[in-house]
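Right, I'll just put the structure down here and ask away after.
Only this structure's heavy atoms are used, side chains among them; waters, hydrogens and symmetry mates stay out.
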Amino acid sequence: MGNDHVTRFAPSPTGPLHLGHAFSALTVWERARIAGGTALLRIEDIDRQRATRDWEALIFEDLWWLGLSWPEPVLRQSDRLAAYGAALRALAGRGVLYPCACSRGDIRAALSAPQEGAPLSGPDGPVYPGTCRGRSMAEAGPGDAIRLDMGRAVRLAGEVSFIENGPLRQGLHVACDDFLIDEVGDVVLARRGMGTSYHLSVVVDDAFQKVSEVVRGVDLLEATPIHRILQ
């Protein structure tokens, strides 16, 4: 590792930081210090209904109290909607997106039917049953979510892998196609009224900011293959 080592702490300003956030932030800055690299602060405020500048200001205050500093200006995801739109258009051009009109109730009803061998929940919540998978992007309406066709995506991406350096499950992880299709499924990349999603925006912004290492909790370990396939 060297000066090209870049990592980031990316909280959402939807409430106060807790001890887990503090531990994560301190770990990010320590990893950067050891590597002689850079720790970035990014504000993930795509949830415009819950995110506020007051909570953001409190995040800054708490991080300063911890003795942390970061390069300015701070990237805010609310300023990056055009970049997320461009990423969606690029993915649509590769034929791996489709519009979805299903409500959460529709999905629950579909999953309640007997489906031998079909998982009920994955890293992104209930595994989508594919009800709208046959729709084309030309049919997308303003009320639709946009989903990743995981089956098509894995055929384009090839091997999906990442290296885990933390204290748990260290080493090379390879996500097999069956796992991605059956146990992760067609995740949402753009939510209604938001124009993006956590999965899409974090991948686009990590690439834009040249992030070379991601520090995250074990609760997000299973989301990592989603981000790798989008990369």
Side-chain angles (χ1 to χ4, degrees), residues 1-12 24 28 31-32 35 37-44 46 75-77 79-98 122-125 127-128 137 145-166 168-191 194-231:
M1 293 186 295
N3 289 332
D4 58 348
H5 178 92
V6 179
T7 188
R8 45 70 168 172
F9 177 62
S12 297
S24 180
V28 165
R31 293 286 298 176
T38 303
L40 302 174
L41 174 63
R42 182 165 77 217
I43 299 298
E44 298 196 340
I46 56 172
L75 185 146
R76 292 179 178 85
Q77 289 187 333
D79 296 329
R80 299 268 298 154
L81 296 182
Y84 309 143
L88 285 170
R89 289 190 294 274
L91 290 168
R94 303 189 73 175
V96 296
L97 300 184
Y98 63 89
D124 203 36
V127 176
Y128 182 64
M137 287 300 292
I146 305 299
R147 289 186 179 272
L148 178 70
D149 186 325
M150 188 63 77
R152 291 185 177 184
V154 297
R155 288 193 290 272
L156 284 176
E159 182 179 278
V160 177
S161 63
F162 62 96
I163 295 174
E164 169 61 38
N165 292 317
L168 300 176
R169 307 182 198 177
Q170 288 189 11
L172 177 68
H173 293 247
V174 179
C176 68
D177 291 357
D178 288 345
F179 167 78
L180 289 165
I181 294 168
D182 298 332
E183 298 184 42
V184 175
D186 296 354
V187 296
V188 172
L189 296 189
R191 298 191 179 279
M194 191 176 291
T196 185
S197 68
Y198 165 71
H199 295 309
L200 180 70
S201 59
V202 74
V203 169
V204 171
D205 291 339
D206 280 348
F208 177 72
Q209 295 189 295
K210 297 181 172 59
V211 171
S212 60
E213 180 182 76
V214 173
V215 175
R216 58 178 26 153
V218 70
D219 59 316
L220 286 173
L221 181 65
E222 291 186 339
T224 305
I226 300 171
H227 301 169
R228 290 292 291 128
I229 200 168
L230 289 174
Q231 289 170 343

Practice problem: Kindly give the heavy-atom pair with the smallest separation between A10 and E44, and that separation in Å. | Solution: CB-OE2, 3.3 Å
Quiz prompt | Any residue meeting ring-ring contact (aromatic ring centres under 6.0 Å, His included) with F162, in chain and number order, not counting sequence neighbours | solution = H173
Quiz item: Is any side-chain heavy atom of I229 less than 4.5 Å from a side-chain heavy atom of L148?
Solution: yes
Self-check item: Separation of L156 CG from L91 CG (nearest 0.5 Å)
Solution: 10.0 Å
Got a list of side-chain donor-acceptor pairs under 3.5 Å for residues 200-207, not counting sequence neighbours?
from: S201; atom 1: OG; to: Q77; atom 2: NE2; distance (Å): 3.4
from: S201; atom 1: OG; to: S197; atom 2: O; distance (Å): 2.8
from: S201; atom 1: OG; to: Y198; atom 2: O; distance (Å): 3.3
from: D205; atom 1: OD1; to: R80; atom 2: NE; distance (Å): 2.8
from: D205; atom 1: OD1; to: R80; atom 2: NH2; distance (Å): 3.1
from: D205; atom 1: OD1; to: Y84; atom 2: OH; distance (Å): 3.3
from: D205; atom 1: OD2; to: Q77; atom 2: NE2; distance (Å): 3.1
from: D205; atom 1: OD2; to: Y84; atom 2: OH; distance (Å): 2.6
from: D206; atom 1: OD1; to: R8; atom 2: NE; distance (Å): 3.0
from: D206; atom 1: OD1; to: R42; atom 2: NH1; distance (Å): 3.0
from: D206; atom 1: OD1; to: R42; atom 2: NH2; distance (Å): 3.0
from: D206; atom 1: OD2; to: R8; atom 2: NH2; distance (Å): 2.9

Quiz prompt | Sub-4.5 Å side-chain heavy-atom contact between P123 and L221 | solution = no
Exercise. Can you see which heavy atom on A145 is nearest to which on V188, and at what distance?
Key: CB-CG1, 4.3 Å
Self-check item: Rounded distance [0.5 Å steps], CZ in R76 versus CD1 in I46
Solution: 15.5 Å
Quiz item: For T7, what residues pass the side-chain hydrogen bond (donor to acceptor under 3.5 Å, both in side chains) criterion, not counting sequence neighbours?
Solution: none
Quiz item: About how many Å separate CD of E159 and CG of D177, when rounded to the nearest 0.5 Å?
Solution: 10.0 Å
Exercise. Find the distance between CD (E183) and CE (M150) and round it off to the nearest 0.5 Å.
Key: 12.0 Å
Quiz item: Could you walk me through whether L230 and L189 pass the side-chain contact (heavy atoms from CB on, under 4.5 Å) check?
Solution: CA-CA 10 Å; L230 289 174; L189 296 189; 3.8 Å; yes
Practice problem: Return the minimal non-hydrogen interatomic distance between A92 and L97, and the atom names on each side. | Solution: N-CD1, 3.6 Å
Quiz item: How long is the gap from CE on M194 to CD1 on I146, to the nearest 0.5 Å?
Solution: 14.0 Å
Quiz item: Of the non-hydrogen atoms in V174 and S161, which two are nearest, and what is the gap between them?
Solution: CG2-CB, 4.0 Å
Practice problem: List for me each residue that meets side-chain hydrogen bond (donor to acceptor under 3.5 Å, both in side chains) alongside Y98, sequence neighbours excluded, and say none if there are none. | Solution: D186
Quiz item: Taking only residues two or more places apart in sequence, or in another chain, which ones meet Q170 in a side-chain contact (heavy atoms from CB on, under 4.5 Å)?
Solution: none
Practice problem: Show the numbers, then the answer: is there a side-chain contact (heavy atoms from CB on, under 4.5 Å) between T224 and E164? | Solution: CA-CA 10 Å; T224 305; E164 169 61 38; over 6 Å; no
Quiz item: Between P225 and L180, what is the shortest heavy-atom contact and its length?
Solution: CB-CD2, 3.8 Å
Self-check item: Euclidean distance, L75 CG relative to L40 CG, rounded to 0.5 Å
Solution: 9.0 Å
Quiz prompt | All side-chain contact (heavy atoms from CB on, under 4.5 Å) counterparts of D178, not counting sequence neighbours | solution = C176, D182
Quiz prompt | Any residue meeting side-chain hydrogen bond (donor to acceptor under 3.5 Å, both in side chains) with Q231, in chain and number order, not counting sequence neighbours | solution = R228
Quiz item: Does any pair with a residue in residues 146-157 pass side-chain hydrogen bond (donor to acceptor under 3.5 Å, both in side chains), and if so which ones, sequence neighbours excluded?
Solution: none
